[in-house]
There are 2 protein chains.
Amino acid sequence: MELRQLLEEKSQQNYLIYLPNLSIDCVVFGFYNASLKVLAVRLKGQSLWGLPGGYIQKEEDVDSAANRILQERTGAANIYLQQFRVFGNLNRSEGFFEGYPDDLWHKQRYVSIGYYALVNFSEVNPVMDLFSDACEWLDVQDLPEFMMDHRLILDKALSALRKQLNYKPIGLSLLPEKFTMPELKKLYEIILGKTLNRGNFYRKILRFGILEKLNESRKGGAHKAPDLYRFDHIRYKEALKNGLQSEW
Amino acid sequence: MELRQLLEEKSQQNYLIYLPNLSIDCVVFGFYNASLKVLAVRLKGQSLWGLPGGYIQKEEDVDSAANRILQERTGAANIYLQQFRVFGNLNRSEGFFEGYPDDLWHKQRYVSIGYYALVNFSEVNPVMDLFSDACEWLDVQDLPEFMMDHRLILDKALSALRKQLNYKPIGLSLLPEKFTMPELKKLYEIILGKTLNRGNFYRKILRFGILEKLNESRKGGAHKAPDLYRFDHIRYKEALKNGLQSEW
DNA sequence: TCAAAAGTGTTGGCCCTACACCCATGC
DNA sequence: GCATGGGTGTAGGGCCAACACTTTTGA
């Protein structure tokens with residue numbers, strides 16, 4: 001079915017179910033093949049990509065709404081989800097639904113609450129919905145054009161994530177159960193957008209005391225087999241709560 | 001006039017002017033008499049205090065709305081204003097307008113966008129509005145009970161501010177033009193909730209390179225007269241943009 | 001002259017940088 | 001063996017905490 005017809009059919013119903021003028025946009029990060037990925041959707045018949053998003057039910061907490069929206073898209077529950085910013089400029093979706101009737105639900109002015117999520121790539125199955133004809137992982141290093149201000153939202157999410165590296169551990173939600181130091185280092189490097197010194201990274205990460213070294217190594221690749229680690233979940237959660245870095 | 005009558009009169013009008021279900025709450029910090037203050041209002045005939053807040057006009061950016069609301073309350077423009085979090089729980093104002101008609105504007109479910117502001121205490125004149133019978137500075141160390149979830153919002157603002165100390169300079173908006181090191185140290189101590197070592201604080205702050213030492217001292221107090229400093233605005237703004245502390 | 005506050009000096013330890021050096025592996 | 005990447009060692013500098021010392025002021 002065509003997008004226009006679908007939107008107009010849903011429009012009336014949405015006014016009854018959801019809070020008006022409010023939306024949620026999710027920036028879902030995954031890590032795969034030594035690169036950072038973002039979940040993106042493409043509306044039927046459109047060329048531009050967008051972030052997965054949705055609306056808040058009239059009788060639903062905002063955080064619950066974000067969780068629900070994410071679960072619909074990924075099939076995964078209990079995802080690490082972090083509200084990071086509100087996008088409330090008047091003109092942020094200007095002209096996007098031009099030609100559609102003015103009372104169309106989707107043509108409202110939206111104040112959007114931005115969340116970012118960190119997920120284990122292999123546990124996620126991107127799910128399309130009625131309005132989209134694509135829901136895929138895109139590489140953060142090589143992004144196509146996005147609709148409305150979704151590229152801005154993505155950039156702000158990345159910079160919020162980058163800030164978080166300075167006082168919280170990361171990786172438990174993004175990496176598989178077992179991983180190597182070079183993989184963890186690569187993750188940091190991609191988020192930060194710069195290369196790090198190997199030895200110094202090893203020592204700094206180990207000093208955090210959130211890693212457990214396993215008696216195994218990742219065989220099979222060329223060259224020396226790197227040691228495998230996993231996170232100590234208890235210490236990791238403590239570090240999440242108490243913060244890592246030097247404070248006043 | 002009584003609160004109820006006032007609210008009911010404004011109610012209809014508000015539906016025309018503002019976006020429904022959305023509000024803004026401002027945590028306005030000031031520094032005076034060696035203690036941290038917060039601007040609070042009290043609704044007519046109510047015992048509990050609340051944060052100054054307001055609504056977003058249908059044709060207004062969210063950030064502009066926050067600025068407008070603050071200017072109405074403080075008379076000051078160009079205030080340092082920072083969005084820090086959305087409060088979107090369903091039950092956050094539960095029962096507050098019990099007994100009022102269900103279609104009252106103020107009885108809606110609100111998703112509130114939290115901002116904190118840093119202002120120069122002496123440049124602010126707290127302004128009451130129609131609905132309140134008090135608008136005052138309260139001491140952060142000695143707070144009364146607040147309505148709804150406003151105490152939570154205040155606490156989250158403080159902790160956001162505390163986090164900001166780790167990567168941004170502070171003080172330009174809170175202190176007078178000229179100030180002493182003990183005053184700046186006191187400001188940090190109050191925000192952080194702990195005492196700092198004098199010598200180490202001096203050196204660390206000076207190393208930031210955002211202070212200019214003046215050839216004056218604050219005479220008049222007992223004991224040795226402390227040197228006066230002021231911020232180098234150019235370097236201060238650079239530090240605000242680039243961040244201060246150690247990063248990856 | 002004395003107490004209290006402001007300002008400066010000093011010491012040891014830790015972390016950070018940079019780089020060098022080994023080790024393991026596939027070709 | 002050799003190139004490549006993984007893991008560890010090390011030397012120098014800077015920041016940090018803690019504490020001691022000096023200076024300045026009003027009473």
Side-chain angles (χ1 to χ4, degrees), chain A residues 33-35 165-167 169 171 175-176 178-190 192 194-230 239 242-248, chain B residues 33-35 165-169 171 175-176 178-190 192-230 239 242-248:
Chain A
N33 199 16
S35 54
L165 284 196
N166 286 319
Y167 56 96
L175 294 169
K178 299 175 182 180
F179 55 90
T180 67
M181 273 293 189
E183 284 164 359
L184 184 58
K185 172 165 171 281
K186 187 74 194 168
L187 173 60
Y188 269 77
E189 288 179 336
I190 288 183
L192 293 166
K194 65 178 176 192
T195 57
L196 300 170
N197 179 286
R198 189 157 35 99
N200 301 335
F201 177 83
Y202 278 43
R203 277 181 288 261
K204 183 161 180 171
I205 285 284
L206 286 177
R207 219 171 334 105
F208 289 165
I210 56 175
L211 290 183
E212 192 183 344
K213 189 172 186 164
L214 305 173
N215 282 322
E216 315 171 55
S217 51
R218 168 106 68 222
K219 312 272 185 191
H223 320 302
K224 179 170 177 177
D227 300 339
L228 281 169
Y229 291 83
R230 74 168 156 227
N242 303 331
L244 280 175
Q245 222 84 344
S246 71
E247 290 171 7
W248 282 88
Chain B
N33 198 16
S35 55
L165 284 196
N166 286 319
Y167 58 95
K168 281 184 183 178
L175 294 170
K178 301 174 180 179
F179 54 90
T180 68
M181 274 294 191
E183 284 163 0
L184 183 58
K185 171 164 171 282
K186 188 71 194 172
L187 173 59
Y188 270 77
E189 289 179 336
I190 287 183
L192 293 167
K194 65 178 173 191
T195 58
L196 302 170
N197 179 284
R198 189 157 33 99
N200 301 333
F201 178 83
Y202 278 42
R203 277 181 289 262
K204 181 160 180 172
I205 284 285
L206 287 177
R207 221 173 329 106
F208 289 165
I210 55 174
L211 289 183
E212 192 183 343
K213 188 173 186 165
L214 304 173
N215 282 322
E216 315 169 56
S217 51
R218 168 108 66 224
K219 312 273 184 189
H223 319 303
K224 178 169 179 176
D227 300 339
L228 281 168
Y229 290 83
R230 73 168 158 227
N242 303 332
L244 281 175
Q245 222 86 344
S246 71
E247 291 172 7
W248 282 86

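For the numbers below, each heavy atom of this structure counts, side chains included, while hydrogens, waters and symmetry mates do not.
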Quiz item: What is the distance from atom CD of B:E247 to atom CG of A:L192, rounded to the nearest 0.5 Å?
Solution: 8.5 Å

Exercise. Would you kindly check whether a donor in the side chain of B:R198 faces an acceptor in the base of C:dA6, or vice versa, at under 3.5 angstrom?
Key: yes

Exercise. Please work out which of the three classes, parallel, tilted or perpendicular, describes the rings of A:F208 and B:W248, given edges at 30° and 60°.
Key: perpendicular

Quiz item: Looking at D:dG7, C:dA18, C:dA6, which one has an atom nearest to any side-chain atom of A:Y202?
Solution: D:dG7

When you compare the protein's N or O atoms with those of nucleotides 1-3 of chain C, which come within less than 3.5 Å of each other, and at what distance?
none

Quiz item: Hey, which of these two, A:S217 or B:N197, hits DNA chain C nearer its 5' end, going by closest nucleotide?
Solution: B:N197

Exercise. Determine, stepwise, if the pair B:I190 / B:K186 fulfils side-chain contact (heavy atoms from CB on, under 4.5 Å).
Key: CA-CA 6 Å; B:I190 287 183; B:K186 188 71 194 172; 4.1 Å; yes

Quiz item: So, for A:N166 and A:Q245, which heavy atoms are closest and what is the spacing to 0.1 Å?
Solution: O-CB, 2.9 Å

Quiz item: A:F201 CZ to D:dG6 P: how many Å, rounded?
Solution: 12 Å

Quiz item: When you measure from the side chain of A:A225, which nucleotide among D:dG6, C:dT25, D:dT24 comes out closest?
Solution: C:dT25

Quiz item: Which atom names give the shortest non-hydrogen contact between A:I205 and A:M181, and what distance separates them?
Solution: CG2-CE, 4.0 Å

Quiz item: Mapping B:E247 and B:M181 onto DNA chain C by nearest heavy atom, which one lands closer to the 5' end?
Solution: B:M181

Quiz item: What are the two closest non-hydrogen atoms of A:Y202 and A:P182, and how far apart are they?
Solution: OH-CD, 3.6 Å

I'd like a table of atom pairs between the protein and nucleotides 10-14 of chain C - only N or O on both sides, under 3.5 Å - with the distance next to each one.
from, atom 1, to, atom 2, distance (Å)
C:dT10, O4, B:R203, NH2, 3.4

Quiz item: Would a 4.5 Å heavy-atom cut-off, applied to side chains only, mark A:D227 and A:T180 as touching?
Solution: no

Quiz item: What is the minimum heavy-atom distance between A:L244 and A:P169, and which atoms define it?
Solution: CD1-N, 3.4 Å

Practice problem: Please tell me which of B:K224 and A:P182 maps to the more 5' nucleotide of DNA chain D, matching each residue to the nucleotide holding its nearest heavy atom. | Solution: A:P182

